[in-house]
Each structure stands twice: as structure tokens, then as C-alpha cells.
Novice: 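Below is a structure I'd like to ask you about.
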Amino acid sequence: MSAHTVPPPPVPPDTLEAFEKTWSSAPGFLGMLREVNNIPIAQRYMVTGFAFFLLGGLLGLLMRIQLGSPENTFLDAETYNQIFTMHGTTMMFLFVIPFIEALANYMLPLLLGTRDLPFPRMTALSYWTYLFGGIFLYSSFLFGAAPDGGWFAYVPLTNVEYSPGINMDFWDIGLSVAEIAALGAAAEMIVAIIRMRAPGMTLNRMPLFVWAMLVTGVMIIFAFTPLIVGTAMLELDRKELTAFFKPEAGGKPLLWQHIFWVFGHPEVYIMFIPAAGIVSHVVQTFSRRAIVSYTLMVLSIVATGFISFGLWVHHMFTAGLSAVALGFFTAASMAIAIPNGVQVFGWIATLWAGRPVWRTPLLFVLGFLVLFTIGGLTGIMVGSVPFDWQAHDSYFLVAHFHYVLIGGVVFPLFAGLYYWLPKVTGRLLNERLGRWNFWLMFVFFNVAFFPMHLSGLLGMPRRVYTYPAGLGLETLNLISTIGAFGFAIGIALFVVNVVWSRRNGELAGSNPWGSDSLEWSEASPPPSAQFVRIPVVRSRHPLWEHQDLLPHDPQLLGQMEDLNARPAHWRGALVVSTVDATPLAIAHMPGSTIAPFTMAVAFLAIFVGALVDRAEPLAAGGALAAVALFLWFRPQASETLALQELGGRKEDPARLQLAVGGPIANGWWGMLVLISILATALITTIASYFYISDGPSGASQLPLSITQPALGTILSLLALVAVEWALRGVRKHQSIATRLGLAAAWIVSAGALGLSIQAFSGAGLEPERSAYASAVLGMLGYQWLVLIILLVTVAIGLLWALGDPEDRRGHSVVHNIRLMAAFTGVSAVVVFVVVYVSPRL
Amino acid sequence: MSREIGTGALVVAFLGAPTVWALHLAVSYFLVSIGCRTDWAGAKAAVLLATVIAALIAIGFGVFAWQRWRWARGGRGGGLLDPDHVREFLALSGVVFAALFVAAIIMSGISPLFLPLCTTS
């Protein structure tokens, strides 16, 4: 290994000054609200996530006080229900996932060698939405109405008949906000990783944390979307507008379990895979050698992502499913041990073959290896149907998933914090406090959670607020409570360490650990204007194996010239090809704007309106959303400047063009991600439709009239034709064709929407009384949503076309509209076939 | 001499077998549901047939990936993988994936041989 030694040639001071000014944050309170740069937003995200971690931990301690002795009256049953529901909800939705996304928001651009995430406004929107969602959820305590139906919200317990207050409405709606934030962050991660890497960072040179976040981003899309659909269905049921899960109307309570666990099991791996990515970096750095078998580690990450979607039924082994079906999911539960085992052996082999330096991050990794292996072994036990029948819903499960989640996720996160916080703050954390922090957490974690295996095997059920004396559970529970407080002291020590080290910690320098990846080539803390020069990568371990990060190839040298402290007056970042990371173009990155904050406030108003069933907040939210959309999409001066500087360039391999119009633009890839989300929602809705239709209120009893819906479907397809016409106008510089095409697309799409609504209204269906009618409404409501999104995007394109038809930003919008119109056409046909044709077959 | 391999072919080689595994799981679960609801006597055989077909398709993706790996390697000697060659990496990954997911398909798909179809827990 050779160190990264050769400094780059200096950049002229005036150019550097202009460049830094361009990337600097706006000052003051308003500037904070308008911030879109990934570094400050990610810092806020991390602090907020950690605050929720402490809140969730506090709730856990209250539970342990209650369970510390039998027949305790510290908490009553209702309060305990609220606290255990909010503990799980907080840890899963408000701490782990957002914290991982925050870490990724901060680290990914640094690891990839780029200047920001691809959609900075989305970064800000995700944060504000998450913050407001969390506050919304916790505000329920002020009304004595905190969610109380468990973090899994099983029906019929959470139907309005058995949970009549607004407690579970808070859960349903608050969660939706957090889910939207997660999807936004996933889109950011995916597009950043596939389009914005440093030149030369081919897929097989990507750091393992980057691979982990790519897989995690894709998993969030396929896992969180069904939950959004499910929570929407549950909320509609609770508002007595539908009957998806109501057995008396032909609804299926088990459908909720399927939807929830299609999300819930991949969720475990959505948390674990990034943790595994962190572990790989820490092991590699502190073993002082490359990770053993990089290729197998990558394959394990991807395989785990896939197989995790085939495990959800192992949460339903006692729900009465057929034996063969259980066999499928047991097989998958065993199969996932293969990639996980490969990773564990890969880390151990790396430590074995290296020269380990036992600093705090590596201690936390060691703790992770021990605890996650124990959690994994008990996971294999409960993945076996006969054992699960015995241990299900007992404290054995509580022990198992805390070993997996705290051992497998929280310990690696602490390893990551000790490893990467010096990059964030510029100062090392105190090593002695770190060791105390680790040992307290490790020892007391086992004191708290190991006895739960035994109390579970002795028959203690989970989710109970107390237990009678004399069952042999007293001592085990008291030990668990003592352990929980010891563990909390360990966490508190971490907070002390961070606060102390912020002022007194040793200065970190750019690469305090002698690591290999690009984040350590920047100053600690990195400036807002990170990567004045875009680094060039020639191996998997650039800081270990390169003398410099400069372009050597003459063509690359020329291409990078436009990115050396440039663009000076607008924010620009490099776009590369997906597989080879060959430079393709320079993307314009939007600057500070109040639009994301406004949009998040609009979401909050809409969700408050939905909670209290009042039109005023809904109307206010709708109006604010319109304002936010206008602020978001209105022409930006910096973008005009970018077009003036680079927009006129002819195709020339020696110079990079502006990334605008079609697949070269990040926005086009963002639209693909949106379509993936919508496609996943469609699959969930179709599966729900068939699951519900197969029953006494089924489709065969009520075939629906087909004429109007058929006409609506044809109109949806005509919209695609009209958009194609508009795109042709763009390519041939025929502004009239562009305008007419978009106007026609808008009119026929509106017609399709009107016809579909009219057909449903005229069918005489009663979704509040019939699960089948609810399923039809679900399918059609989905299509209405898709059509509304198309109408909004076409309207934005039309405004561009009417303003300046030659503006290439408008052309980009038309390219994106074409993707959306194509998807709308396909989904219209699918919905038509499912709702109107399949009952006739 | 190595042949040019497009991004689309690499995506197919890399993700083909896992996708077949996912589809096989969905189809098998669907067949069992239909079989149990309608007392369809052929449901077990249908699951086994789906398993054989899925395994063969996944093997096909493995062969496809192996061929791309050979093309990417060209005449190069030495180890299985050149760490600097991204196409070799993706194609060989496809081969390994095919092996893993063929095994996973078979592990799932043989359960009708040993278990009653519709006995519930």
C-alpha cells in the first residue's frame, strides 16, 4: 500500500473564492429553512434521529421499570400499550432508518467523490417531512392519545371498533409522513450511486458501504411502498370509508399481516445491510488490509436484499397458512443464512489475515459479530416452523430481535459514529471514554436481553404490561431491568464523549485512521464546497494505492477542466455512466430555496386535516402545496447561467455538455424511481384486490359495466400518443406541435380521470359496506392518483412550452412526462383488465 | 480477444437468476393458494413443474452469464477475476448468483414432496 502523497496543483484564488461562495449556505434563520446542501441537512438529520433514539430508549426504560417486578402498578395497561407501541415505532421509523439515511446523505457524496446528492431539494424535503412526521407522532402524547396498537398495528385490534380513539390515526398518518421521507431519501441514494460517482469508480471499485446503500435504496422502494398502500387502506377503514380488513363485510384481516410483513421483514435487512456496509469499512481500515473477497461480499449484500423479500411469511407461521406455503418460506429463511454467513466469515477472515488495531470502532464491530451471530442463530431457530409454534409471541422473540437489531444494527452504527464522526466534527472522540462506552453497552446489553430468552422459554408472553408472581419470572425480569439501565448509562457515556470531544478532542486531520476511501481525502470537517477538484479513481482503494487523485489520461484531463473549482457561479456536479463511471455531462444542482420547507408544511397541514377530519387544514395544505410546486419548478437564475455557459456546446468527446434532456439528466432517472414506486404500489393493490375478491362478496357477484372504463383506458393511451407528438415537436424545434401535444395530453388525461370517476360513481358500489367494492375503489383510486400525477407534470411541461418552447429545461420536463405517460397507459390497461375484465373470465 | 458486452446484457446476467427465484416464489405461493381453495388435485405437481422450469431458466441465466464472463475475459490467463475489469466482475457474479438461486429455488420447490398441501398450522 502506498499513501496518497501528491497534492493537486493549486486553483487560482479568485476562482476558488467564487466557487466556495456559490456552494456556501445562506445565512440566518431563513437561510436555515432554505438550506438544501447535503452536509448541513444530514447533520440535522443525524441529530434529530439520535434525539428520537434517546426518546425511544427512555420509553424502553419505562417499560423495564414496569416489568422489573411482578404485578407492578408503575404504568397502567393503557399507558404501557402506548409506550411499547411508540418505543417500537420510534426505533424502527424515527431512529434507525432515518439515521442510516442521514449518515448516507452525509457520507455518500464524499465516498463517491461528488459534490452533493442529485436532488438537493429532495434532501431538504425528506428531512423536513421526517421532522414534522416525528413531531406529529409524538404530539399524540399531549392529547393522551399516543398510538397503542403495537408497531405492527394488527387488525382487527386496530380497526375503529376496537381502537375507537384517534391513537392509531396518529400512527397511520404520522407513519405515512416518515415513509414519504424514506422514499425521497431512497431516490437520492440510488441516482447518486448509479450516476454521480467519481470518474473511474466502476461498479467493482465501489466501496462496500456504497453497494450496501444502493441495495438499501432499492429495498426501501419495494418494501416501504406496500406499507404506504397498507396504511392508506387501514386509515380508510378507520374512517369508515372502506372495509378492506373488516370480516363482516368480506374483508380480510390476514391481508394486513401480509402487507405489513412484506414491508416488515425486508425492513430488518434495510437496517442490517447498511450496518454491514459500515462494518466492512471499519474492519478493512483497522485490519490494515483489503476486505477478503470483495466480490463475494458484494454478492452477499445483493443476495440478502433479494432473499429478504421471500421471508415475510415466517412472521405468520401461526396464522393458519398451508403447510407447503410455510415450507417455501422456511426454505428462504434458511437460504438467507448463506449470504449472511459469507459476510461474517469475510469479516473474520479479514481480521485474521490483517494486523488489527483495536480502537473503539473495531471493538463495536467485535461486539456486533458476537451479538449478531447469537441473534442470527436464534433467527434460524424461529425460522423453523415447529420451534416457532412454541416460541411465537413469547419473550424469546423479544430477545431474538433485540440481538439482531441492537447487536446487528445499533452496534455497527456506533462503530460508524466513532469511525466517521471525526470526519463530521473535525475532532476524534475520546478513546478511553469510547472503550468504557463499548464495554458498558456490550455487557449490559447481554444482561438485559439474554435473560429474555429464558423468560420466553418459561412461557412469558410479549406485549403484556405485567405478570403474576410465582411463575419463576421475577428474577429474570429484574436482571433485564438492571441490564437496561446499565445499557442506558453506556449510551449516556457516548453523548458525554461527543459533547466533550467537540471542544477538547484531538484534531482529526483529513485521514486520522489511514483509510482507503475518498471521504478521507477531504478536510475534516469537509467544506460545503466539497471536492474542488473531482477525484479520479484507478483502483478499489484509491488512498492506499494511488499517488494522486488527478486525471492522467489527456481526454479526461480536458473533461475535468470544467470541474476544477468550476462552475464558479452555479452549482455543478459530474454525471457518469452507470457501469464504467465514464464522464458524460455536468449536472446543474439547484441552490437554496424555501420550496422543500413549504412543501413539508403543506404535507403536515394535509395530514392534520386527515387526522381531525376538517376541510380547512386540507385546503390550506393543498394551497401551500401548489405554492411549493411553483417555487420548486420556476426557472432559476443559476440554471439559466448554466445553459448559457454549457447549453450551446456541440457534441465533443473532449468537453462535457450540460446534463439536460432525457436519460443524461438526473431528473429522468428520478422519474424512473418514481415509476418504480408507482409500479410497486400497483402490484400491492392488485394482490390486495385478488386476495379480497376471493370471498363471499367477490367480484363474480357484481360484474361492472365496461363501456365507460374502456373509453377512459383508450383516452389514457391517447395521452401517450399526444406526449410522443409533443416530444417530436421538441426534437424538431416545432413549438406548435409541442404545445398542442401537451395540451391534448392534458385534456385526454383529464377526460380519462373524469370517465373513471363517473363509472365508479354510477356502479352503485358501497365500499364502506363491501370489501369487494373497497378493492375496486383501491384499484381505481390508484389509477386516479397516477392520472393526477400525470396531469400535474403535463401542466408543468405546458407552462414551460408556453413560456419559452426553446428552453432546454422544458425539454427535460417533456422527456420525463413521456416516461410518466407511458406508465400511466400501461397501468390504465392493467387496472381495466383486473377490475373490469377478470371478473368476466 | 474480448467481445463488447452491453450494459443490458450485464444486467440480465447479474440479476436474471435472483429475479427467477422471486417469480418462482410468487407463482408457487399462488398455485398453492389456488390448489387449497379449489381442491385442485394437480396443485402439487404444478408447483414441482414450476420449480423445474424456474430452475432450468435460472441455469440458463447462469450459462448466459458464464458466456459473457468468457467474452469479457478474452484470452486473458490467470485467476478467475481481474479486479480492474468491471464486466468480468458482473458476469462472474451472475454465474455465482445462478448457482445460489438455483439451490434456493430447489430448496423451496421440493416442499410439496414432503408436506401435505393444505394442512394448516
Side-chain angles (χ1 to χ4, degrees), chain A residues 200-206 222 258 290 293-296 298-300 302-303 305-307 309-311 313 316-336 338-339 342 385-386 388-389 392 538-541 577-581 683 687 690-691 694-695, chain B residues 5-8 10-11 14-15 17-19 21-22 24-26 28-38 43-44 47 51 80-90 92-97 99-101 103-121:
Chain A
M201 190 186 279
T202 53
L203 287 177
N204 60 328
R205 288 175 184 159
M206 287 199 318
F222 291 118
H258 277 294
S293 191
Y294 170 92
T295 304
L296 282 181
V298 170
L299 292 185
S300 298
V302 180
F306 261 96
I307 299 174
F309 280 90
L311 308 183
V313 165
M316 300 168 64
F317 279 165
T318 57
L321 304 175
S322 82
V324 166
L326 299 190
F328 297 151
F329 292 91
T330 296
S333 304
M334 300 298 160
I336 204 161
I338 298 170
V342 167
V385 177
D388 187 72
W389 285 347
H392 193 82
R538 287 183 289 277
S539 83
R540 226 171 251 165
H541 312 286
S577 64
T578 302
V579 173
D580 299 295
I683 292 167
F690 283 115
Y691 199 89
D694 170 31
Chain B
I5 308 163
T7 304
L10 286 171
V11 171
F14 190 65
L15 296 178
T19 307
W21 168 83
H24 170 257
L25 186 68
S28 302
Y29 196 26
F30 176 73
L31 289 172
V32 170
S33 302
I34 297 273
C36 291
R37 199 180 71 221
T38 61
K44 272 191 169 188
V47 171
T51 302
L80 280 174
L81 201 57
D82 174 357
D84 282 331
H85 200 310
V86 64
R87 282 169 168 71
E88 273 189 47
F89 164 80
L90 289 171
L92 187 64
S93 298
V95 178
V96 179
F97 264 169
L100 174 67
F101 283 96
I105 288 167
I106 292 170
M107 274 170 72
S108 286
I110 57 173
S111 51
L113 293 176
F114 308 105
L115 293 167
L117 189 70
C118 302
T119 307
T120 61
S121 55

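Computation of the quantities below employed the complete heavy-atom set of this structure, encompassing side-chain atoms and omitting hydrogens, waters and symmetry-equivalent molecules. Note on naming: letters A, B, ... go to the chains in the order of the sequence lines (proteins, then strands), and numbering restarts at 1 for each one.
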Novice: For Ser33(B), is it the side chain, the backbone, both or neither that has a heavy atom under 4.5 Å from a heavy atom of chain A?
Specialist: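 No part of Ser33(B) comes within 4.5 Å of chain A.
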Novice: Within this structure, what is the CG-CG distance for the pair Leu92(B) and Asn204(A), rounded to the nearest 0.5 Å?
Specialist: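 These two atoms lie 11.5 Å from each other.
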Novice: Which atoms of Leu299(A) are under 4.5 Å from chain B, going by heavy atoms: the side chain, the backbone, both sets, or neither?
Specialist: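 Looking at Leu299(A), backbone and side chain both touch chain B.
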Novice: Check whether any side-chain heavy atom of Arg87(B) sits under 4.5 Å from a side-chain heavy atom of Asp580(A), and report yes or no.
Specialist: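 The answer is yes; the side chains approach within 4.5 Å.
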Novice: If every non-hydrogen atom of Pro116(B) is compared with every non-hydrogen atom of Val324(A), which pair is closest and at what distance?
Specialist: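 That would be O-CG2, 3.4 Å.
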Novice: Side-chain contact test, heavy atoms from C-beta onward, threshold under 4.5 Å: evaluate it for Val302(A) versus Phe97(B) and give yes or no.
Specialist: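 Of all side-chain heavy-atom pairs linking Phe97(B) with Val302(A), at least one is under 4.5 Å.
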Novice: Closest heavy-atom contact between Val32(B) and Ser322(A)?
Specialist: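 Answer, listing the atom of Val32(B) first, then Ser322(A): CG1-OG, 3.2 Å.
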Novice: Taking C-beta and beyond as the side chain, do Thr295(A) and Ser93(B) meet within less than 4.5 Å on heavy atoms?
Specialist: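 In short, these two side chains touch, coming nearer than 4.5 Å.
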Novice: Name the region of Phe329(A), side chain, backbone, both or neither, that has any atom closer than 4.5 Å to a heavy atom of chain B.
Specialist: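 Only the side chain of Phe329(A) comes within 4.5 Å of chain B.
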Novice: Measure distances from Val298(A) to the heavy atoms of chain B and classify the residue's part below 4.5 Å as side chain, backbone, both or neither.
Specialist: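 Contact with chain B: side chain only.
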Novice: Would you mind checking which part of Val11(B) comes under 4.5 Å of any heavy atom in chain A, side chain (CB onward), backbone (N, CA, C, O), both or neither?
Specialist: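 No part of Val11(B) comes within 4.5 Å of chain A.
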Novice: With a 4.5 angstrom heavy-atom cut-off, which part of Phe30(B) approaches chain A: side chain, backbone, both or neither?
Specialist: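 Interface part for Phe30(B): neither.
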Novice: Atom CG in Leu100(B), atom CD1 in Ile307(A): separation rounded to 0.5 Å?
Specialist: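 The CD1 atom of Ile307(A) is 5.0 Å from CG of Leu100(B), to the nearest 0.5 Å.
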Novice: I'd like to verify something: which residue of Val86(B), Val96(B), Leu115(B) has the highest number of heavy-atom pairs under 4.5 Å with chain A?
Specialist: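 Most pairs with chain A among the choices: Val86(B).
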Novice: Anything under 30° is parallel, anything over 60° is perpendicular, the rest tilted; go ahead and classify Phe306(A) against Phe101(B).
Specialist: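 Answer is perpendicular, since the angle exceeds 60°.
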Novice: What closest approach, in Å, do Trp21(B) and Ala332(A) show between heavy atoms, and which atom pair accounts for it?
Specialist: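 Nearest pair, atom of Trp21(B) first, then Ala332(A): CZ2-CB, 4.2 Å.
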